[in-house]
Protein chains: 2
Amino acid sequence: MRNPHSNGNLRKLQADGGGEATEENGFVDGVILGLDGGATSTVCVCVPFFPFGDRFPEPLPILGRAVAGCTNRNSVGETAARDSLEQVISEALVQSGSDKSDVRGVCLGVSGVNHPSDQEKIENWIRDIFPSHVKVFVQNDAIVALASGTMGKLHGCVLIAGTGCIAYGFDEDGKEARASGGGPILGDWGSGYGIAAQALTAVIRAHDGRGPQTMLTSTILKALGLSSPDELIGWTYADPSWARIAALVPQVVSCAEAGDEISDKILVDAAEDLALSVKAVVQRLGLCGEDGTTSFPVVMVGGVLNANQKWDIGKEVSKRINRYFPGAQTIIPKVEPAVGAALLAMNFLSS
Amino acid sequence: MRNPHSNGNLRKLQADGGGEATEENGFVDGVILGLDGGATSTVCVCVPFFPFGDRFPEPLPILGRAVAGCTNRNSVGETAARDSLEQVISEALVQSGSDKSDVRGVCLGVSGVNHPSDQEKIENWIRDIFPSHVKVFVQNDAIVALASGTMGKLHGCVLIAGTGCIAYGFDEDGKEARASGGGPILGDWGSGYGIAAQALTAVIRAHDGRGPQTMLTSTILKALGLSSPDELIGWTYADPSWARIAALVPQVVSCAEAGDEISDKILVDAAEDLALSVKAVVQRLGLCGEDGTTSFPVVMVGGVLNANQKWDIGKEVSKRINRYFPGAQTIIPKVEPAVGAALLAMNFLSS
């Protein structure tokens with residue numbers, strides 16, 4: 001490993017921290033890469049290694065950060081996924097002034113990793129990039145998101161609702177459970193895609209006479225630059241990307257805020273469905289204890305939950321979760337998922 | 001045009017019909033090609049031309065019939081769609097012993113034709129195949145299906161429920177209306193895809209604790225050769241073809257027949273949604289008359305409606321339609337949609 005004193009970024013950090021690098025404060029221990037492979041983009045951060053369980057400096061120093069395209073091979077195919085991965089790692093390392101030999105561990109949280117074989121394939125892609133001593137961990141993006149709210153500890157439940165949605169949890173013994181996360185065909189109605197697809201359906205139903213009129217019609221047609229609901233059919237066929245559909249969530253929220261009952265019902269149903277996913281995970285893991293009141297964290301991540309609009313989906317979900325479990329502590333992470341991945345790598349490297 | 005007496009198939013037909021070809025009986029008037037471009041395959045039939053409004057012989061003589069792949073360019077792309085079209089036309093002509101110069105008109109009913117520009121593009125593909133005097137008509141597959149139940153007359157409503165679903169209707173003045181038919185994203189819950197997607201969702205919900213247990217779990221896993229509901233996620237991602245999902249409808253029906261409440265509810269909801277689509281079309285066109293009791297045909301087409309199982313979705317839909325409109329006459333066509341297309345071509349050529 002290179003002497004960190006030769007590294008401008010690391011030296012600056014140590015100066016900020018007020019001390020020289022020593023074996024004890026961990027700065028000489030190299031760097032960690034944390035990656036968040038979402039449905040639309042991939043983020044890579046480079047942070048200094050700290051032994052897990054120690055008090056991390058707040059905020060955690062970020063030495064480098066880069067963004068690339070989607071790394072879900074189910075969505076973009078293997079070649080594009082692999083290329084994005086290599087690119088984002090290389091950029092984050094360059095930014096941090098580090099090189100591959102400084103890296104102690106890499107943790108990637110990626111959507112679409114549901115089987116050991118998926119995990120192994122992506123782990124091998126990353127291993128190919130680094131020297132053999134580098135530890136590589138590939139985890140479902142939900143686990144990484146949980147770590148981003150618990151500063152690396154795998155306990156509690158995480159709910160992600162962005163383009164897709166999933167609830168994932170761990171009990172103290174490392175037992176895990178998930179709910180939702182199956183994608184559009186398998187009915188993730190609380191996801192951004194699910195919300196927007198319901199809204200598009202409501203527009204079509206109002207247009208062909210099956211359903212009541214809704215403000216969504218004019219709002220969505222305007223947002224898409226279309227002149228008639230008939231054109232929505234061609235629009236949805238033209239590009240099956242889920243993110244493109246999910247991008248209509250703000251229109252649904254603004255209609256609900258303006259009093260549109262159909263939009264309000266779509267958002268209420270989504271909040272119910274998201275809370276139900278958390279409930280299923282918590283009950284299977286017994287996180288709420290025998291009497292149902294034990295405290296546990298519920299980390300809430302993603303654009304659907306953290307949009308901070310007047311019609312606040314995240315708040316509606318929290319309310320429902322607390323109705324089920326008075327001990328649930330809902331947390332909005334202070335660090336992004338990629339940092340969660342880095343914290344998780346430190347957890348794994350220290351245990 | 002070739003003399004039909006030189007054509008073996010035509011001669012045989014005329015012998016069956018008990019008479020020589022004359023200008024009056026229409027056999028010398030050449031042939032018509034009718035095409036049905038469905039979601040999974042394309043059928044082409046070659047029939048003799050009869051002036052529309054005359055009494056057609058029953059059954060209508062079929063001189064040639066061929067089947068090829070999907071011709072929906074939204075699903076398979078332009079090149080594959082065009083290739084399938086040329087292949088199926090050529091095979092039907094060879095079978096009938098006719099050639100291109102015998103053809104008076106071609107009518108293609110194709111799914112995914114929603115705009116004049118779509119229609120024009122496909123019309124041009126077909127025009128390129130034939131001499132310039134051949135009349136070419138491209139219609140939404142729903143219109144062709146209607147014609148298959150009304151022997152070519154465009155009046156009443158048709159409901160198609162196969163892999164997809166759509167309701168389409170015409171009043172006596174040629175005014176038209178449609179409902180549903182927007183595809184999976186736009187909520188066609190009465191389609192085979194919609195029914196099967198709801199069933200897969202029910203399996204996932206039972207598995208992750210969000211929903212009640214259902215017989216669908218073991219039945220669907222067995223049908224797909226999977227060992228756990230977790231594997232359904234990979235299965236749905238592996239191939240996004242709607243027909244592959246819709247192929248699970250028989251499993252949903254058999255579970256409902258065996259008393260599974262979840263399956264029963266999925267089928268009841270689908271029947272409601274399909275009847276609602278018909279209701280929307282009938283009301284917009286005023287087919288039921290001012291007092292709601294006027295008689296009109298409702299042609300019911302597709303695997304979901306005509307499966308003839310104990311749990312009979314078509315019967316449930318008919319029951320609901322007749323509850324809305326006592327004058328509705330539900331019809332299951334005696335001829336296939338491709339023949340409907342041929343009848344429609346005769347209607348257009350005679351008017």
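- Rounding to the nearest 0.5 Å gives a distance of 9.5 Å between CH2 of W242(B) and OG1 of T163(B).
- Checked against salt bridge (charged side-chain N to carboxylate O under 4.0 Å, His left out), E316(B) has the following partners two or more places apart in sequence or in another chain: K319(B), R320(B).
- Looking at C165(A) and V304(A), their side chains never come closer than 4.5 Å, going by heavy atoms from C-beta outward.
- With a 4.5 Å cut-off on side-chain heavy atoms, F296(B) and V282(B) count as touching.
- Looking at W189(A), only its side chain comes within 4.5 Å of chain B, counting heavy atoms on both sides.
- Side-chain atoms of S180(B) do not come within 3.5 Å of backbone N or O of I166(B) as any donor-acceptor pair.
- The backbone N or O of K175(A) sits nowhere less than 3.5 Å from a side-chain atom of D173(A) that would complete a donor-acceptor pair.
- With contacts defined as side-chain heavy-atom distances shorter than 4.5 Å, the pair I143(A)/L146(A) does not qualify.
- Residues L108(B) and L85(B) form a side-chain contact, since some pair of their non-hydrogen atoms from C-beta on lies under 4.5 Å apart.
- The two residues C288(B) and F325(B) have their closest heavy-atom pair at CB-CD2, 3.6 Å.
- Contact annotation for residues 194-204 of chain B against chain A (heavy-atom separation below 4.5 Å, listed by residue number): A197(B), L200(B), T201(B), I204(B).
- Contact annotation for residues 272-280 of chain A against chain B (heavy-atom separation below 4.5 Å, listed by residue number): D273(A), L276(A), S277(A), A280(A).
- The candidate with the highest count of non-hydrogen atom pairs below 4.5 Å against chain A, out of D188(B), D208(B), T236(B), is D208(B).
- Put simply, the side chain of Y237(A) does not reach to within 4.5 Å of the side chain of L232(A), judged on heavy atoms.
- Checking D260(A), V268(A), I266(A), L267(A) one by one against D264(A), the side chain to side chain contact (heavy atoms under 4.5 Å, CB included) holds for a single residue, V268(A).
- No option in E176(B), Q139(B), R178(B) other than E176(B) meets the side chain to side chain donor-acceptor pair (under 3.5 Å) test with Y168(B).
- Judged purely by atom type and a 3.5 angstrom limit, D239(A) uses its side chain to pair as donor or acceptor with the backbone of S241(A).
- Heavy-atom proximity under 4.5 angstrom to chain A picks out G209(B), R210(B) from residues 209-224 of chain B.
- You'll find the side chain of V110(A) stays beyond 4.5 Å of the side chain of N140(A), heavy atoms only.
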